[in-house]
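In what follows, chains are A, B, ... by sequence order, proteins preceding strands, each numbered from 1. Just so it is clear, the structure is predicted and the values come from calculations on it, not from any experiment.
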Amino acid sequence: MLDPTPNGLHSGESPLLRTIGLTKRYGDFLANDSIDIDIWPKEIHALLGENGAGKSTLVKAIYGLIQPSAGEIRWQGQPIVLSGPSQARSRGIGMVFQHFSLFDNLTVAENVALGLDGRESFKDMSARLEQVSKTYGLPLDPRREVWQLSVGERQRIEIVRALMQDPKFLILDEPTAVLTPQEADQLFIVLERLKSEGRAILYISHKLDEVKRLCDTATILRGGKKIQTCNPRLETAASLARMMVGSEIRQVKAAAGRRTTVPRLVVNDLSLAPGEAHGVRLEHISFELKGGEILGIAGVAGNGQDELFAALSGERLAKDPGTVVIEGIAAGHLSITQRRKLGAAFVPEERLGHGTAPRMKLSENALLTGHAASGMVNHGFIDTAATLKTVDRATETFDVRKAKRDPEAASLSGGNLQKFIVGREILRNPAVLVVSQPTWGVDAGAAAVIRQALLDLATAGAAVLVTSQDLDELAEIADRIAVMFHGRLSAPLAASDATREKLGLLMGGSSLEPKEAAHAVGA
Amino acid sequence: MQLVLEKRAERSNTIALVSPLIAIGLTIVTMVILFAILGKNPLLALHAYFIAPLTDGYSLQEIAVKATPLVMIAIGLSLCYLANAWNIGAEGQFLIGAVAGSWIAVKTQGTDAGAWVLPAMFVLAAAGGALYALIPAICKVKFGASEILTSLMLVYVADLFLDYLVRGPWRDPHGFNFPTTAEFDPVATVPLLIEGGRLHLGSIIALVVVAAAAILLGRTIKGFEIRVVGAAPRAARFGGFNADQLIILTFAVSGALAGLAGIIEVAGPVGHLQPGISPGYGFTAIIVAFLGRLNPLGILIAGLFLALTFIGGEQAQIAMKIPLDVTKVFQGILLFYVLACDSLILYRFKLVFPNRQVARGTG
């Protein structure tokens, strides 16, 4: 299949893939500025960088999705021009995207067939699918429909689909972002195996521990430029982070002596049928959140976190008012506006289109949630000065960088828009803040500002509920951590007691009973 | 070399203003070609269409009279369209408003009813239009029926209903069997602004509607709600705004304005109820709404412009024997170009050169 290439020394041979001065320009913006990168066979190469550093642009160019503005791509020493992904695939370049492109209502085999260039019969393809998935320890039932599968299984489809084309070079875009720690470990075994077969892997991530553990080489991008190529095993996590960010990252710190007060958000046996097809049913969710406390909710995406957010915010109403109690008042039947008037504030996961109207100005987006209880409306008329004042205060307090005083929401970078959204809610001095994925896709500097703001809000006496897939983030700010799995919420663990292993087991659906836990590890 | 559409970081306000002008320019170029194919002198035809009506007082008044229903209907439609509710049936709401208002005029005919008649006709016409518009709105909210289809189909129902009334129960007994009601009494007629002229009170009402819509959309929370529900439905729900209620509301308001425009037309320039009271105002108003950028002031200007094409079309028919249908062709082409040019607000054209040239620094 592939020539086994001697490991270690590269001298005297040409790399499998090499980019020379690869540049991609969007208008005046340089997404990739003259990037040189060498990919060798039998190597796992990490591509590190913050959001917006140019990682996606680079791999899209290598995979033929976009055309570079300048520079060259060489495949096995020969300059190539890729006019589309199918050309990349035919040369042996495969890619697994972060966001899966699967049809929920089709079976595994049908989805794989759609992704292949399709010259073999469906029956042969299905047989080969089963064989590949068995060979690499990626168990899949070709006949199941995708909507029934977990996120980890869906990722397996994407990986198997890529492997069925026998790629010499495989690109993986943040593959562990959606996996439990245990699932990630299994993925690493597969990747090691692919490497030992002589394939090259480009591994995009910002999880430094993973990179140190798995990767032989790391290339760090920042602001569209290549900063360095190094051996990650010889670096510390801190030195890698410094190269990614360009400066020391501010550590968030909790104020000493934070006191919990009365329960401000109570959820009593909340069950809710899914609002849409293939949604998750919430089952018997109960918890109590006191003022001064941060409760973290961990879990793999798609286990009911979105449904829980909608039920807490009032975007979906519960039949029984007593299921959601805000500030001592039964609120399960109240609208989101009424809940805001009780002192609740909400930050959804999606910044554009949910948290803000993308094509509206920041002042109008301040009004979007502020009209309920922030004195921005008099007798039905908008107080424009008050909305602008909120923009200015959020800008100042949370260091929101923008081109002019009141731009459209869509023109801000992810981190700055998130700071604005969090700021908009915190400036209302909420009694209860429900926030979903507060730092998803946000640069490290902005993430530190946002986490610090959440801690400060709790110190000031608010109850804060944080849903996140980032276990490090929850460990950093939460007092207690509960895990969502299949629409159920585990009993919260004290943060000191919530090890990655325990959380990982809960995220995979195991309970923490000693016997069963041992069983799950063995599986 | 390749021409590509590139997304802008922020919507261009300059283009938002200029785009209708580009569209008008392109339409005129197309019309010149069309006139030439028809064997007419394009310059004379353009003069008949766009210049001649502006040169005498009668035509100027007539433009305002024609613009009145267009502007009133288009304002209502713009509220719907901003909220992502697609009311295509303003023509039907216009006719039902005319029928509902005429009911009082017909019933009080020949009695010595007082000055209450005209205001009552207005109220009833608005209510009739609103209720008629609520049919597609409620079908949309309750059953998910496409409001585009239902509102459009109800136009033909209204048209035939009006036809039935003026050929049957409401027909003028002294009207030589023409399908029309008797001429309305003076108390049931919209007063003229200039004695012996054409301009009537309806134009003032249209201006008030424009001002009210400008305040509603620019200054009030309800106007914000309309804009945000249309622009970002999920964000609107997060903001606590109910899209279903807004569909009902905007359809009702738009139906009421169309109905009001209907009775003003019947009790004003026409003077009695008959088939053919509208040369397609309800459909032309869709063009007015988009040409006016769904903005009240823009709609006022666009309404006057489209009214000009109606008058110009009549003059071109008289002077140059150009068929009146060419006016409809003109309006259709105009809508096409307006929608096409709108993509320039969010996108821009860019010439892309092959890689080698960019590398030398031309990009």
Side-chain angles (χ1 to χ4, degrees), chain A residues 21 23-29 67-72 81 309-310 313-316 334-341 346-348 350-361 364-365 367-372 376-384 387 403-404 407-412, chain B residues 2 4-13 16 82-84 212 214-245 249 294 342 345-363:
Chain A
T23 299
K24 180 65 190 177
R25 212 187 296 266
Y26 291 106
D28 299 332
F29 177 69
Q67 305 305 314
S69 314
E72 203 172 85
V81 176
F309 182 86
S313 67
E315 287 170 293
R316 290 201 57 214
L334 297 181
S335 72
I336 188 166
T337 300
Q338 289 166 312
R339 292 182 201 203
R340 287 194 176 112
K341 285 182 177 154
F346 310 96
V347 176
E350 226 180 294
R351 288 184 278 277
L352 288 171
H354 193 183
T356 62
R359 290 289 169 188
M360 289 189 148
K361 291 174 178 168
E364 294 177 301
N365 276 302
L367 181 66
L368 183 70
T369 61
H371 72 88
M376 292 178 181
V377 180
N378 293 321
H379 305 290
F381 283 84
I382 299 164
D383 184 347
T384 313
T387 62
K404 53 185 180 184
E408 282 178 9
S411 72
L412 266 64
Chain B
Q2 204 184 349
V4 295
L5 271 182
E6 188 178 82
K7 200 162 181 151
R8 295 173 191 271
E10 208 167 327
R11 52 178 291 143
S12 162
N13 288 325
L82 283 170
N84 236 343
I215 292 169
L216 173 78
L217 287 174
R219 297 265 173 272
T220 68
I221 187 75
K222 196 43 104 179
F224 174 71
E225 185 179 338
I226 290 172
R227 289 186 293 126
V228 77
V229 163
R234 194 143 174 249
R237 192 157 13 112
F238 179 66
F241 303 125
N242 184 326
D244 284 353
Q245 279 174 16
L249 180 79
L294 304 181
D342 271 8
I345 298 170
L346 286 180
Y347 296 86
R348 64 176 154 222
F349 279 117
K350 206 178 167 198
L351 284 176
V352 175
F353 300 91
N355 286 346
R356 262 177 305 127
Q357 291 176 26
V358 176
R360 284 189 210 125
T362 45

(request) For chain A, find which of B:Pro233, B:Gly239, B:Gly240, B:Ala236 contributes the most heavy-atom pairs closer than 4.5 angstrom. (result) B:Gly239
(request) Would you give the length of the straight line joining atom OG1 of A:Thr337 to atom CG of B:Asn242, rounded to the nearest 0.5 angstrom? (result) 10.0 Å
(message) Please classify the contact of B:Leu216 with chain A as side chain, backbone, both or neither, using a heavy-atom distance under 4.5 Å.
(response) neither
(message) Looking only at heavy atoms and a cut-off of under 4.5 Å, which of A:Ser313, A:Pro348, A:Ala310 has the most pairs with chain B?
(response) A:Pro348
(request) Would you mind telling me which of A:Leu352, A:Ile382, A:Asn365 has the largest number of heavy-atom pairs within less than 4.5 Å of chain B? (result) A:Ile382
(request) Before accepting this row, confirm whether a basic side-chain N of the pair A:Glu364/B:Arg227 lies closer than 4.0 Å to the acidic partner's carboxylate O. (result) yes
(message) For the interface with chain B, which of A:Ala357, A:Gly21, A:Gly353, A:Gly314 has the highest count of heavy-atom pairs at distances below 4.5 Å?
(response) A:Gly353
(request) Measure A:Arg340 against the heavy atoms of chain B and call it side chain, backbone, both or neither at under 4.5 Å. (result) side chain
(request) Could you pull out the closest heavy-atom pair between B:Phe238 and A:Phe346, with the gap in Å? (result) CZ-O, 3.2 Å
(message) Just verifying a value: how many Å separate A:Asp383 CG and B:Arg219 CZ, rounded to the nearest 0.5 Å?
(response) 11.0 Å
(message) Could you measure the distance from the NE2 atom of A:His354 to the CZ atom of B:Arg234? Nearest 0.5 Å is fine.
(response) 4.5 Å
(message) Would you say CZ of A:Phe381 has more than 12 non-hydrogen atoms from neighbouring residues, nucleotides or ligands within 6.0 angstrom?
(response) no
(request) Please state whether the side chain, the backbone, both or neither of A:Ser335 comes within less than 4.5 Å of a heavy atom of chain B. (result) neither
(message) Please verify the inter-ring angle class for B:Phe241 with A:His371; under 30° counts as parallel, over 60° as perpendicular, anything in between as tilted.
(response) parallel
(request) Would you check if B:Val228 and A:Leu368 make a side-chain contact, meaning some heavy-atom pair closer than 4.5 Å? (result) yes
(message) If you compare all heavy atoms of A:Val377 against all heavy atoms of B:Ile221, which two are closest, and at what distance to 0.1 Å?
(response) CG2-CD1, 3.9 Å
(request) Tell me, for A:Gln338 versus chain B, whether the close heavy atoms (under 4.5 Å) come from the side chain, the backbone, both or neither. (result) neither
